[in-house]
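Below is one structure, written out as structure tokens; the observations come after it.
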Amino acid sequence: MRKIGLLVAGAVALGMALGQTNVIKIATQSPLSGPQAALGEQIKLGAELAVEEAKERFKALGFELVLVPYDDQANPDVGVANANRIINDPDILGVVGHLNSGVAIPSSEVYARVNLVMVSPANTNPVVTDRKLPNVNRIVGRDDVQGPAGAEFAYNELKLRRVFVIHDKTAYGQGLAEEFRKRFEALGGRVVAFIGTEEQSNFVPIINQIRAQNPQLVYFGGIYSQIGPFTKQLRERGLRVPLMGGDGLDSSEFERLAGSQNAKGAYYTTVAGPVSAFPQAKALAERFKAKYGKDIEGFGIYAYDAARVILTALENAIKANGGRKPTRAQVAQEVRKVRLQGITGTIEFDDKGDIKKAKYFVMQVAGTGNWAENKLIRVIEVAAPQK
Amino acid sequence: MLEQILVLLPQVLFDGLILGFIYAMIALGYTMVYGVLELINFAHSEIFMIGAVTGVEVFRYLAPLIPNGYLLLLVAVVVGAAVAGLTAILVERMAYRPLRRRGTTNRLVPLVTAIGVSFFLQDLVRLIEGLWHNEFFLRMRTVPDLEGSFTLFGGAIFLQTKSVIVVVVSVLMLLGLTYLVNRTKLGMAIRAVAQDLSTASLMGINPDQIISRTFLIGGALGGVAGVLFALIYTTINPYVGFLPGIKAFTAAVLGGIGNIPGAMLGGLVLGQLENFFGTYLPILTAGNFGTEYKDVVAFLILIFILLFRPQGLLGQMVKEKV
């Protein structure tokens, strides 16, 4: 028995030794099952495409590049469990993920234990980078800038002065609404009401207040599941006041719940722009379609860029390391130094891991039943806040 | 401030009335079961939800086939009532009757069972809808016939056809139920079982059958309320029954649980309180308390009412049965 055990241990040690020399793995973590799987799959495929395209370059450097996708099921527990498996695989030198801030925050603390670098294509909660972990980075904007971006658009572009603000009392929705209010009032506008509600079905009391206040715009910080029925009831009661929200509204589900006619014309700000917003994305979209047979969407583009950030840092780290496999800490350091012209724009990180200049997209619902036809109204570039 | 309040008042009263009628319809189900079994059937909020889901499904599939909106709504109401009523009977058979057979006298046991059944039904519906349509939020289909609206008193009240339908249907339901309980043989049997289950069984009444029918009627009423709820508020999900259920239960207690006109009155009072404070709290408190506190205030007032009249508005003091 002891001999067999020794043999197995030897084989494992040999395998690890061989593996360590020439395999580099990039992991993705995103929901691949459940209601958000469509978004999560984009993250996986976007990163996969970037890895596939870099394979030859890494072979020239003497490394085999592999992508390992993990399914976090949009669930923090699953994300953390996966993260523990990921840090125990010494070949994994970078993570592209997650979709949900609520999953990214605890998982990134696991990566931080071994200094494994994470580049997020989707997480917007300020906490993600405000913890100042050296391994956590994101290439999208933050919620606390999204609200002000909406306020500036409403005040400067739409020239509106009286706004009725509603929020859903969650960290996301209320935070967004408060940032919106602050900036809108600072610009000189008037917020006629600031109301929180957890109500899911009966919005009549709020609609009556809107009728009494007669605002020029209703801003709703929340998720489509609430804004959808609210919009339907608002329009059914004959109020045609314009509507605005954050990226919680950025889902075709909003149009389904509100009804196309009622949803039409609603504005929303989002951090993940549509394919049409990026001039260079066209060629990428074609390669993506040819390889996977489906269309690339916002998060796919961002995941592609996030993976390229990690790959660029890896190449730099390998060079700095004299052609040998770098450590995780070296890769994390290199990611912070990356300056990359990505599909989504220039990617450069500040000392917290936020992208130096994030893009915010103001969109308008087309109301045709096809969410991809929504109009891009404006692109606003804002620097991450330095607190 | 006063001006703002007065301008909105007719509208607020009317909207509160509609919400109140919906609570009242659900409260009738609680009150009937309580009247007969002295059981608080917490699964009734899920019976209501099943009615709402059925209504959405009927509209989804039959709207292209039935061009007349009123006929479609009638079909939805009937199917919703049937499905909800049958579910209520099943719940009674599977969950409550075995306990009764065993002679469980502890009141808490059926109450805990009811809560368990309630969770079971929520997740069952979620599972079915998930497998069937892969949808969590169900949207009631819009039918042009039912989407009309008009104004009264020179624009002071904005009315939707749908809301008028709710009022009419629930008044009809109350009248029908009152007639059924007071004037028919089944009603007499129900009252007899409610008064004394074992004596009634000695008088040639099959108590199990009467209890089943009570659940059927209560469940059907809850189902109709669900269909109308979905019609008016348009988006529902498998967990939508919880809050209206709790509020309707409160309404039943407020009116005097076991008392049918009381449940109706309790529902109307609660609907008015909720809608009134939902609309006016921010105005009255200069924005310091928002709409989110409407339930807190409404329930505080209810507690005060019950402090002074613990048997409920229309209830009578009943001596504990020995």
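First the proteins, then the strands, lettered A, B, ... as listed; each starts at 1.
Surrounding OH of Y61(B) are more than 12 heavy atoms belonging to other residues, nucleotides or ligands, all under 6.0 Å away. Shown here is K264(A), whose NZ atom has no more than 12 heavy atoms of other residues, nucleotides or ligands within 6.0 Å. Remark: F299(B) CZ is packed, more than 12 non-hydrogen atoms of other residues, nucleotides or ligands lying under 6.0 Å away. Applying the 6.0 Å contact sphere to OH of Y292(A) captures more than 12 heavy atoms from other residues, nucleotides or ligands. The local environment of CZ in R161(A) is crowded, with over 12 non-hydrogen atoms from other residues, nucleotides or ligands closer than 6.0 Å.
Scanning both residues, T235(B) and S201(A), for their nearest heavy atoms gives O-CB, 4.3 Å.
Counting heavy atoms from C-beta outward, F158(B) and R211(A) have side chains that approach closer than 4.5 Å. Side-chain contact between Q11(B) and R237(A): present, with at least one pair of heavy atoms (C-beta onward) separated by less than 4.5 Å. At a threshold of 4.5 Å between non-hydrogen side-chain atoms, the residues L19(B) and V204(A) do not count as touching.
In this structure, CZ on F203(A) lies 8.5 Å from OG1 on T234(B), to the nearest 0.5 angstrom. The line from CZ of F136(B) to CD of E253(A) is 10.5 Å long, rounded to the nearest 0.5 Å. Rounded to the nearest 0.5 angstrom, N202(A) CG and D15(B) CG are separated by 8.0 Å.
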>> Please evaluate residues E292(B) and E198(A) with respect to the criterion side-chain contact (heavy atoms from CB on, under 4.5 Å), reporting the C-alpha separation (whole Å), side-chain torsions for both, the decisive distance (0.1 Å), and the verdict.
In response: CA-CA 7 Å; E292(B) 63 258 52; E198(A) 285 161 336; 5.9 Å; no
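There is no contact between L243(B) and chain A, counting heavy-atom distances below 4.5 Å. Only the side chain of F229(B) comes within contact range of chain A, with heavy atoms under 4.5 Å apart. For chain B, the nearby part of I206(A) is the side chain; its heavy atoms alone come within less than 4.5 Å.
Between the side chain of Q233(A) and the main chain of Y233(B), a donor-acceptor pair closer than 3.5 Å is present. Counting only distance, with no hydrogens or angles, the side chain of Q209(A) and the backbone of G278(B) share a donor-acceptor pair below 3.5 Å. Looking only at distances, a side-chain donor or acceptor of R139(B) sits under 3.5 Å from a matching main-chain atom of R256(A).
The most heavy-atom pairs under 4.5 Å with chain B, out of I166(A), L257(A), I207(A), come from L257(A).
Contact residues of residues 182-194 of chain A toward chain B are absent (heavy-atom distance under 4.5 Å).
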